[in-house]
Amino acid sequence: QIPNTVYHGTTTKHLLSLRTIDLNKCSKYADFGKGFYTTSNYLQALSFAEMRAKDHNFEEYNQKKLYAEYEISLVNPLIMEYTIETKKLLTLNNIFFDKPDRIWAQFIYNNRVGIKKVINEFHNWDCQYDFVSGHVADNTLAPLILDMKNGIINFEEFFKKIQPYDKKDGNQFSFHTQKSLDALKLKKAQIGGIVYDKTSKRLC
């Protein structure tokens, strides 16, 4: 269930900062809780990286339109490739979602909605799970969370509507504690088709 290689899609803005992963900088409101997210699907990571680069550059051009003196700082998609020490990871407290079922949907809702709004104690706000794997929820998730939070829909309706990003090949592997990150080793980074390895560019 745990792959040997995973990828993280981001932008060149974060190239140097990812030499050391800081969990404190990760989003609180993520599918499986606050953590560092990767995937074994290279194309999925590339798609996310391209989307983030596009959004960043779009905002930079908008700032330039508003302020003539603004100095544009553009970025490129960045794919970080990591290897996983499976044996080390399997000694930790992990959870694996084999399919996008009700339990998966419940876990995602609780992690996304905020600790005061959870429907039960099945969440990862306290990072009780070091490592989690499962499907990625698609981009309809945010409005569904809001609708359920506001009482417009109930959990049954939420579960019927929530869909995985890619049911066949999409996945995410998230690291929520330093113990789990110790099993993750940076191999190389790819920027705009150019590969930077840890030896020549001192990435790790």
Quiz item: When hydrophobic residues are tied together by side-chain contacts of less than 4.5 Å, even through go-betweens, does I103 share a cluster with L144?
Solution: yes

Quiz item: Would L74 end up clustered with F58 when hydrophobic side chains under 4.5 Å apart are linked, directly or stepwise?
Solution: no

Practice problem: To the nearest 0.5 Å, tell me how far L186 CG sits from I21 CD1. | Solution: 8.0 Å

Exercise. Can you see which heavy atom on L15 is nearest to which on A189, and at what distance?
Key: CD1-CB, 4.2 Å

Exercise. For residues 89-111, pull every pair meeting salt bridge (Lys or Arg N to Asp or Glu O under 4.0 Å), keeping only residues two or more places apart or in separate chains.
Key: R102-E156

Quiz item: So do K161 and I153 actually touch side chain to side chain, heavy atoms under 4.5 Å?
Solution: yes

Quiz item: Looking only at heavy atoms, which two atoms of S133 and F173 are closest? And how far apart?
Solution: CB-CD2, 3.4 Å

Practice problem: Could you walk me through whether F97 and F32 pass the ring-ring contact (aromatic ring centres under 6.0 Å, His included) test, one step at a time? | Solution: CA-CA 11 Å; F97 294 102; F32 299 154; 5.7 Å; yes

Quiz item: Please walk me through it: do M148 and I119 pass side-chain contact (heavy atoms from CB on, under 4.5 Å)?
Solution: CA-CA 11 Å; M148 184 171 164; I119 55 179; 3.9 Å; yes

Exercise. Would you mind reporting whether I145 and Y29 have side-chain heavy atoms less than 4.5 Å apart?
Key: no

Quiz item: Quick check: does any side chain N or O of T38 sit under 3.5 Å from a backbone N or O of H8, one acting as donor and the other as acceptor?
Solution: no

Self-check item: Donor-acceptor pair between N171 and N41 side chains, under 3.5 angstrom
Solution: no

Quiz item: Does the side chain of N76 come under 3.5 Å of the side chain of T12 through a donor N or O and an acceptor N or O?
Solution: no

Quiz item: So, does T39 use its side chain to make a donor-acceptor pair with the main chain of A45 at under 3.5 Å?
Solution: no

Exercise. Check whether Y67 and Y61 end up in the same hydrophobic cluster, where Ile, Leu, Val, Met, Phe, Trp and Tyr are linked by side-chain heavy atoms less than 4.5 Å apart.
Key: yes

Quiz item: Side chains of Y109 and I162: does their closest heavy-atom pair fall under 4.5 Å?
Solution: no

Quiz item: With sequence neighbours left out, what residues match D31 under salt bridge (Lys or Arg N to Asp or Glu O under 4.0 Å)?
Solution: R112

Quiz item: Would V132 end up clustered with L141 when hydrophobic side chains under 4.5 Å apart are linked, directly or stepwise?
Solution: yes

Exercise. Drop me the distance from Q178's CD to D22's CG, to the nearest 0.5 angstrom.
Key: 9.0 Å

Exercise. Could you tell me the separation between the CZ atom of F131 and the CG atom of L92, rounded to the nearest 0.5 Å?
Key: 9.5 Å

Practice problem: Give a yes or no on whether the ring-centroid distance for Y37 and F48 is below 6.0 angstrom. | Solution: no

Quiz item: Can you check whether L89 reaches F175 side chain to side chain, under 4.5 Å on heavy atoms?
Solution: yes

Self-check item: Shortest non-hydrogen contact between N124 and N111, atoms and distance
Solution: N-OD1, 2.7 Å

Practice problem: Kindly compute the distance separating CG (N57) from CG (N62), expressed to the nearest 0.5 Å. | Solution: 11.0 Å

Self-check item: Heavy-atom pair with the smallest gap, counting every atom of K34 and L23
Solution: CE-O, 3.0 Å

Exercise. Start with the C-alpha distance between R52 and D55, add both sets of side-chain angles, then the distance that settles side-chain contact (heavy atoms from CB on, under 4.5 Å), and finish with yes or no.
Key: CA-CA 5 Å; R52 287 166 180 155; D55 289 346; 5.7 Å; no

Self-check item: Distance-only polar pair, side chains of N110 and Q106, donor-acceptor under 3.5 Å
Solution: no

Quiz item: Is D130 reaching over with its side chain to a backbone N or O of S180, donor-acceptor style, under 3.5 angstrom?
Solution: no

Quiz item: Step by step, would you call Y82 with F36 a ring-ring contact (aromatic ring centres under 6.0 Å, His included)?
Solution: CA-CA 12 Å; Y82 298 86; F36 183 71; 5.7 Å; yes

Quiz item: Is there a side-chain contact between L78 and M80, using heavy atoms and a 4.5 Å cut-off?
Solution: yes

Practice problem: Take E85 and K185, measure what side-chain contact (heavy atoms from CB on, under 4.5 Å) needs, and give me the verdict at the end. | Solution: CA-CA 8 Å; E85 294 183 35; K185 303 300 178 184; 2.9 Å; yes

Practice problem: To the nearest 0.5 Å, tell me how far I2 CD1 sits from L90 CG. | Solution: 4.0 Å

Self-check item: Nearest-0.5 Å distance, CG of residue N93 to NZ of residue K179
Solution: 8.0 Å

Quiz prompt | W104/F96 aromatic ring centres below 6.0 Å | solution = no

Quiz item: For F155, does the CZ atom have more than 12 heavy-atom neighbours from other residues, nucleotides or ligands under 6.0 Å away?
Solution: yes

Exercise. Considering non-hydrogen atoms only, spot the tightest contact between E60 and E71 and give its length.
Key: OE1-O, 4.1 Å

Quiz item: With a 4.5 Å limit on heavy-atom distance, are the side chains of T5 and I84 in contact?
Solution: no

Self-check item: Common cluster, V6/Y42, ILVMFWY with side-chain heavy-atom separation under 4.5 Å
Solution: no

Quiz item: Looking at A68 and K64, what are the two nearest heavy atoms and their distance?
Solution: O-NZ, 2.6 Å

Quiz item: Can you tell if the side chain of H123 reaches within under 4.5 Å of the side chain of E121, non-hydrogen atoms only?
Solution: yes

Exercise. Consider only side-chain N and O atoms of Y7 and Q44, and report whether a donor and an acceptor are under 3.5 Å apart.
Key: no

Quiz prompt | R19 side chain to L16 backbone, donor-acceptor under 3.5 Å | solution = yes

Self-check item: Option among F159, F122, W125 that satisfies the ring pair (Phe, Tyr, Trp, His ring centres under 6.0 Å) test with F107
Solution: F122

Exercise. Please indicate whether I152 has more than 12 foreign heavy atoms, meaning atoms of other residues, nucleotides or ligands, lying under 6.0 Å from its CD1.
Key: yes

Quiz item: Between the main-chain N or O of Q128 and the side-chain N or O of D126, is there a donor-acceptor pair closer than 3.5 Å?
Solution: yes

Quiz prompt | Polar contact flag, side-chain donor to acceptor under 3.5 angstrom, T140-D138 | solution = yes

